[in-house]
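Report on one structure; see the data block that follows.
In what follows, every heavy atom counts, from backbone to side chain, and hydrogens, waters and symmetry copies are set aside.
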Amino acid sequence: MKTIIKIIIVALTLVVANGNAQDFQGVATYKSHRKVDLKMNNENMTDAIQKQIQEQIRKQFQQEYTLTFNKNESIYKRNEKLEAPSLAQSGIQIRISEGSDVMYKNVKENRYTNKTETYGKLFLIKDTLTNRTWELVNETKNIGDYTCFKAVFKDNYTTQTFTDKGETEEITKDRTTTVWYTPQIPVNNGPSDFYGLPGLILEANDGDLTLVCSKIVINPKESVKIEEPTKGKAVTQAKFDEIMDKKSKEMMEQFRTRRGSGDGERVMIRVGG
């Protein structure tokens, strides 16, 4: 098994080396959907209303993204779409804002720039790419016309949640990310921040979020333009995470305070945990 995988990687390396004299570009479209684990701390909410809200959330997370790439660089961003407000019969409306992030990756220089707007401020996150240690698995499947190979990465992450007493706590969860990449497209890249495999990643699943490639155009007639974002307050990933963590704690504290004051009826929804 290891011998077969090594042969594939060596063969791909030769293909990339022989193609250095030529421009290699592509545009890939990805569709997303997210597992919704809906938990509500409102005893007056019926199962029917919870199902309506869960369906609204599921639809909100169904998005489409475009990855524009060459051998060393890429731009990944969400495609804008006009949607009518979704209103459940219960009168509860769910709106989820994912922003208009633009992620630039340079795998040759091992760095990325992510332009993101949050809480009314524009940030430019500039940092080193995450070096995942992928485990190559001897499994294949077809995605469209491409033969894909499986790779797995395991880690853990920390998230905040409410206890039964209304207090906030941090919990650590294990995570297994599974991707499928194709050596038929010899670029070390993929959707979002995924990269690091001998071929374009066409599908990624981290247990909650799934990204699947639905269309690929290799070497389009019109040359693609990849430009690194430059507008926004420059911060490292660690600094941005610190800012977001502080804002998250402030919002959870506001919710906890309002909940205890009896100021109207509010529902706290947790997605994915």
Could you tell me whether the side chain of Tyr146 reaches within less than 4.5 Å of the side chain of Cys213, counting heavy atoms only? no
Could you tell me which non-hydrogen atom of Asn156 sits nearest to which non-hydrogen atom of Asp174, and how far apart they are? CB-OD1, 3.8 Å
Lys31 and Val212: CA distance, side-chain angles, deciding distance, side-chain contact (heavy atoms from CB on, under 4.5 Å) verdict: CA-CA 5 Å; Lys31 294 183 182 295; Val212 181; 5.6 Å; no
Verify same cluster id: Met103, Phe240 (apolar side-chain graph, 4.5 Å): yes
Single-linkage hydrophobic cluster Ile143~Phe69, side-chain heavy atoms < 4.5 angstrom: yes
Less than 4.5 Å apart, side chain to side chain, heavy atoms only: is that true for Val152 and Thr176? yes
Do Leu136 and Leu197 have side chains that approach each other closer than 4.5 Å (heavy atoms only, starting at C-beta)? yes
Any donor-acceptor pair under 3.5 Å linking the side chain of Asn70 with the backbone of Asn72? yes
Please examine the side chains of Val27 and Ile216, heavy atoms only from C-beta on, and report whether any two atoms are closer than 4.5 Å. no
Return the minimal non-hydrogen interatomic distance between Thr182 and Thr147, and the atom names on each side. OG1-O, 3.1 Å
Ring geometry between Trp134 and Phe194 (parallel below 30°, tilted from 30 to 60°, perpendicular above 60°): tilted
Point-to-point distance, once rounded to the nearest 0.5 Å, from OH of Tyr181 to CZ of Phe149: 6.5 Å
Show the nearest heavy-atom pair for residues Asp101 and Glu117, with the distance to one decimal. OD1-N, 4.3 Å
Could you measure the distance from the CG atom of Asn138 to the OG1 atom of Thr140? Nearest 0.5 Å is fine. 8.0 Å
d(Ile218 CD1, Gln184 CD) to nearest 0.5 Å is 10.5 Å
Any Lys77 side-chain heavy atom under 4.5 Å of Tyr65 side chain: no
Side chains of Gln237 and Asp127 only: does a donor on one sit below 3.5 Å from an acceptor on the other? no
Is the NZ or CZ atom of Lys247 both under 6.0 Å from the centre of the six-membered ring of Tyr119 and within 45° of that ring's axis? yes
So OH of Tyr30 and OH of Tyr76: to nearest 0.5 Å the spacing works out to 8.0 Å
Any ion pair linking Lys141 and Glu203 (charged N to carboxylate O, less than 4.0 Å)? yes
Nearest 0.5 Å, please: how far is OG1 in Thr116 from CZ in Phe123? 8.5 Å
Could you state the interatomic distance from CD1 (Ile201) to CD1 (Ile185), rounded to the nearest 0.5 Å? 11.5 Å
Between Leu129 and Asn131, is any pair of side-chain heavy atoms under 4.5 Å apart? no
Considering non-hydrogen atoms only, spot the tightest contact between Lys71 and Val187 and give its length. CA-CG1, 4.2 Å
Of all pairs that satisfy side chain to side chain donor-acceptor pair (under 3.5 Å), the ones with a partner from residues 210-221, not counting sequence neighbours: Asn205-Thr210
May I have the step-by-step check of side-chain contact (heavy atoms from CB on, under 4.5 Å) for Lys115 and Leu122, ending in yes or no? CA-CA 7 Å; Lys115 185 182 76 171; Leu122 189 63; 3.8 Å; yes
Applying salt bridge (Lys or Arg N to Asp or Glu O under 4.0 Å), run through Arg175 and Asp155 and close with a yes or a no. CA-CA 5 Å; Arg175 174 172 54 193; Asp155 67 346; 3.0 Å; yes
Side chains of residues 224-231: which donor-acceptor pairs under 3.5 Å do they make with residues two or more places apart or in other chains?
residue: Glu228; atom: OE1; partner: Arg111; partner atom: NH1; Å: 3.4
residue: Glu228; atom: OE1; partner: Arg111; partner atom: NH2; Å: 3.3
residue: Glu228; atom: OE2; partner: Arg111; partner atom: NH1; Å: 2.9
residue: Glu228; atom: OE2; partner: Thr113; partner atom: OG1; Å: 2.6
residue: Glu228; atom: OE2; partner: Lys126; partner atom: NZ; Å: 3.4

Do Asp241 and Ile243 come within less than 4.5 Å of each other through their side chains, counting heavy atoms only? no
Sequence neighbours left out, what pairs pass side chain to side chain donor-acceptor pair (under 3.5 Å) with at least one residue falling in residues 187-198? Ser74-Asn189, Lys105-Asn189, Asn110-Tyr195, Arg132-Asp193
With a 6.0 Å cut-off on the ring centroids, do Tyr104 and Tyr112 count as close? no
